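Scroll down for the structure; my scribbles are underneath it.
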Amino acid sequence: MEQNYLTGLNEPQYQAVTTTQGPLMVLAGAGSGKTRVLTMRIAHLITQGISPFHILALTFTNKAAREMKDRIARVVGESDAKSLWMGTFHSVFARILRSEAHYIGFPSNFTIYDTQDSLNVLKKVVKELSLDTDIYKPKKVMARISAYKNNLITVRSYQQNPELIEADERANMKHMGQIYQRYVEQCFKNGAMDFDDLLLRTNEILTRFPEVLAKYQDRFRYILVDEYQDTNHSQYLIVKALASKFENICVVGDDAQSIYSFRGANIYNILNFKKDYPDAVTVSLEQNYRSTQNIVDAANDVIARNTQQFKKNVFSDNEIGEKIKVYRALSDADEAGFVASNIWELHHTKQHRFKDFAILYRTNSQTRAFEDALRKKNIPYRVYGGLSFYQRKEVKDLLAYLRLLVNPNDNEALLRIVNYPARGIGETTLNKLIVASDKENIPLSSLLSSIGFYGKQIGLNSGTVAKLGDFWSLISAFQVLLKEADVYQVAMEVAQRSGLIKFLKDDQTPEGISRVENVQELLNSMRGFIEEQQQLEDGDPSLSNFLGSIALTTDQDQNKDPNADQVSLMTIHLSKGLEFPVVHLVGLEENLFPSFMSSSTREELEEERRLFYVALTRAEKQAFFSYAISRFQWGKITDAEPSRFLSEVRSDFIELLNPARESRFVNHSGLSSSLFDDTSPSVRKFEKKPPKKTLPSSMGSLEPKSKNLKPVATARIINPSGASSENIEVGDKVRHDRFGVGEVLFLDGTDPGNIKAKVLFQNEGEKNLILKFAKLTKL
DNA sequence: CAGGTCGGTGTTTTT
DNA sequence: CACCGACCTG
């Protein structure tokens with residue numbers, strides 16, 4: 001047990017931990033020991049005699065909750081820590097809804113729809129209402145509905161709100177109300193809640209049933225909310241309602257790190273906390289213990305350009321540290337090659353473990369190039385996020401069977417698997433069933449269970465009736481099995497007897513084999529789940545609980561081999577709250593970061609800038625920036641310009657690894673103290689200038705003469721092994737077309753197509769070259 | 001009805 | 001490029 005948990009806290013940290021009564025806002029700058037404060041605060045509450053039963057802590061990921069719980073357990077002991085309620089908003093309130101959903105007519109076994117499920121429902125609704133699918137694109141419709149829900153606009157309040165209706169009419173979507181209504185009806189009928197419902201329905205119950213509110217108010221006497229800057233209105237109201245009795249509410253956050261407005265996060269929740277709780281104490285944690293001074297100062301430099309924020313003075317007393325190194329790549333592949341080589345080199349020379357490195361990017365689609373490059377060098381890595389395991393088709397298919405067992409009303413699940421694997425139940429048949437189900441108001445599952453009775457009326461022939469009957473007997477058999485066997489056994493049986501496994505095994509392509517493996521892994525994870533639940537006092541190894549937990553389990557939460565020595569690849573969003581000794585922030589290009597989707601308004605740009613701030617402040621010792629001047633994207637090679645954020649970092653903090661021609665001009669132009677151009681017009685100006693003879697940059701020879709970058713790609717394909725530079729070794733004297741004579745200092749890379757050379761030229765200094773492009777001649 | 005192919009389309013971030 | 005849906009063929 002850690003007895004002296006209060007020692008070693010700085011002044012504001014101490015205050016944040018020990019101010020236990022009344023509202024408290026902790027403004028925690030990046031790397032200021034926020035997690036430690038939260039952990040110790042909870043430990044302190046328990047030590048002060050407050051029952052863990054009365055504490056609710058809402059964290060941003062379930063993993064964060066688990067880790068904090070472990071640390072708390074070390075201070076106050078296992079048993080006390082166990083009964084704490086900690087988790088994400090979604091998982092905590094999903095759990096509460098399981099016991100309270102009956103108030104609003106939902107079964108406690110309600111299904112949680114993920115985005116894909118919701119989109120499928122919406123597609124059907126739009127079709128059913130015979131609306132134009134070009135105007136009512138499912139994703140767009142979904143986004144609007146999500147926005148309504150996150151702002152607690154129910155179907156009814158929508159219909160009573162002329163402003164909203166008008167807004168949708170202006171957007172040429174006057175049927176939004178109808179769609180919304182139908183979507184909510186369908187979800188209700190299916191006994192399903194989408195992600196937003198978990199919050200909206202919680203609010204509904206707390207508002208409509210005072211006795212439920214009172215129960216949870218009395219239970220959660222001490223409430224802590226982490227990452228408060230990223231709460232949405234719905235979450236805000238839940239917290240406010242629960243806290244209104246005791247007002248022991250502690251919110252922790254950093255307005256400079258608010259990066260989730262696209263899912264309704266409202267930065268004003270934190271900016272206006274003082275208005276909600278005039279007596280609130282505010283504590284600011286400003287000392288950054290994580291990063292070097294250079295990193296902190298550079299990050300401050302950038303974030304200072306935002307207008308909407310609290311005044312803060314985040315500083316570091318750590319070493320000044322190395323400058324941020326910037327690599328200008330020719331292409332996405334070149335960028336990835338640089339990052340991989342760099343990691344390899346640092347791994348060898350500086351004794352960094354692979355897990356010390358993170359590669360952070362704006363979009364998931366950027367992963368591929370890095371995966372390729374890391375694989376080539378045999379560097380172990382793990383990609384976080386993206387398509388999660390549970391979203392894979394084959395996994396969702398098996399899960400759909402299981403969902404149907406738990407909740408027979410889940411039509412999404414039913415329709416997904418009724419004819420998968422194929423059993424001769426086609427579209428015509430299903431349409432007849434759906435029409436009948438709607439008309440007679442009989443659930444699909446009931447129609448199927450008595451298909452012998454209904455079949456004829458619906459107009460099905462006897463062959464079809466038999467097929468449907470067989471299908472339902474299969475499902476019924478599984479349901480019977482579910483009563484006596486455990487989750488794993490049931491799933492195993494389902495996988496086999498449904499024909500799913502056999503169907504998948506017939507496909508012997510690599511993809512097919514991997515699908516079988518994924519199903520196998522799902523089955524294994526169920527065994528793990530059962531064991532895990534058996535260890536818990538209040539464990540629940542039911543299928544229902546399994547399905548509920550995986551719907552809200554993110555990639556992050558799956559703690560497979562946390563000690564594995566792997567480079568982490570993830571989006572900046574997912575990196576929030578994490579830290580790494582060495583960070584590569586990649587793809588720093590206009591239209592990628594900041595995203596072209598978020599460059600039109602000041603608010604959007606400020607959020608992108610906060611995202612940049614989050615990314616940079618993940619780094620402890622060293623940060624690398626990189627960008628590519630061309631990128632393979634959407635099936636084409638696209639030109640790119642350096643991100644404006646690069647020019648927002650003062651030149652004092654950065655070092656260009658391979659200065660580009662642009663930077664020379666910028667430096668001479670005196671436009672900015674940055675090493676990068678400040679405004680896009682001048683970038684354009686430089687582009688028009690023919691770079692040729694006056695611009696001896698290391699990459700100069702590779703620059704295509706025109707804006708069309710295809711020659712680069714062609715060169716790679718035609719000459720993958722770099723024919724002319726094959727036998728070059730360290731120490732060799734070489735001649736380069738443009739730079740003249742030099743000596744090879746360093747070679748890097750095992751893959752012949754991607755070897756880099758550092759060459760010291762007599763007149764031009766050190767250059768980094770990719771051998772296959774550089775056409776060096778051995779002298 | 002099953003399964004394949006073709007072509008159009010959309011591309012940010014996630015619970 | 002990757003995904004989806006419409007359409008075509010056996």
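Labels below follow one simple rule: chain letters A, B, ... track the order of the sequence lines, proteins then strands, and each chain is numbered from 1. This one's a predicted model, so the numbers in the text were calculated from it and none came from an experiment.
Among the protein residues, A/Asn419 comes within range of the sugar-phosphate backbone only, with heavy atoms under 4.0 Å from sugar or phosphate atoms but none that close to a base. Residue contacts for A/Ser595: at a heavy-atom cut-off of 4.0 Å it reaches a base atom on one of the strands shown. A/Tyr260 comes within contact range of the sugar-phosphate backbone alone, with a heavy-atom separation under 4.0 Å but no base atom that close. Residue A/Ile425 is classed as a sugar-phosphate contact, given heavy-atom separations below 4.0 Å to backbone atoms only. At the heavy-atom level, A/Thr571 lies under 4.0 Å from the strands shown only through sugar-phosphate atoms.
In this structure, A/Lys467 atom NZ and B/dC1 atom P are separated by 7 Å, rounded to whole Å. As rounded to whole Å, 14 Å separates atom P of B/dT15 from atom OH of A/Tyr384. Taking atom CG of residue A/Leu387 and atom P of nucleotide B/dT14, one finds them 12 Å apart after rounding to whole Å. Atom-to-atom, CD of A/Glu608 to C1' of B/dT12 comes out at 8 Å; the value is rounded to the nearest Å. To the nearest angstrom, C1' of B/dT13 lies 17 Å from CZ of A/Phe612. Rounded to whole Å, the distance from CG on A/Asp194 to C1' on B/dT15 is 11 Å. Counting to the nearest Å, the P atom of B/dT12 and the CG atom of A/Leu605 are 17 Å from each other. Whole-Å rounding puts the A/Lys432 NZ to B/dC1 C1' distance at 13 Å.
Annotation: ring pair (Phe, Tyr, Trp, His ring centres under 6.0 Å) contacts involving residues 412-435 of chain A, sequence neighbours excluded, comprise A/Tyr420-A/Phe503.
Nearest nucleotide to the A/Lys139 side chain, out of B/dA2, B/dT11, B/dT15: B/dT11. In the set B/dT13, B/dG10, B/dT12, the nucleotide with an atom closest to the side chain of A/Phe262 is B/dT13. Of all nucleotides listed (B/dT12, B/dT14, B/dT15), B/dT15 comes nearest to the side chain of A/Thr115.
When the side-chain nitrogen and oxygen atoms of A/Thr428 are compared with OP1 and OP2 of B/dC1, one or more of them lie within a distance under 4.0 Å. For A/Asn591 and B/dT12, the shortest distance from a side-chain N or O to OP1 or OP2 is not below 4.0 Å. Note on A/Asn364: a side-chain N or O is less than 4.0 Å away from OP1 or OP2 of B/dT14.
A/Arg618 places none of its side-chain heavy atoms less than 4.5 Å from the side chain of A/Glu579.
For A/Asp117, the salt bridge (Lys or Arg N to Asp or Glu O under 4.0 Å) partners two or more places apart in sequence, or in a different chain, are A/Lys396, A/Arg403.
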Using the 3.5 Å cut-off, write out each protein N or O paired with an N or O of nucleotides 1-6 of chain C and the distance between them.
from: C/dA2; atom 1: OP1; to: A/Arg368; atom 2: NH1; distance (Å): 3.1
from: C/dA2; atom 1: OP1; to: A/Arg368; atom 2: NH2; distance (Å): 3.4
from: C/dG5; atom 1: OP1; to: A/Lys123; atom 2: NZ; distance (Å): 3.2

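Nearest heavy atoms, A/Leu552 versus A/Ser91: CD1-CA, 3.6 Å. For A/Tyr113 against A/Ser118, the heavy-atom pair with the smallest separation is CB-OG, 3.9 Å. Across all non-hydrogen atoms, the minimal contact from A/Met142 to A/Leu122 is SD-CD1, 3.5 Å.
Ring planes of A/His573 and A/Phe262: perpendicular class, angle over 60° (limits at 30 and 60°).
For A/Ser600 and A/Glu604, the side-chain atoms include at least one donor-acceptor pair closer than 3.5 Å.
Looking at A/Arg263, its side chain has no donor and acceptor atom pair within 3.5 Å of the base of B/dT15.
The residue among A/Phe60 and A/Met597 whose nearest nucleotide of DNA chain B lies closer to the 5′ end is A/Met597.
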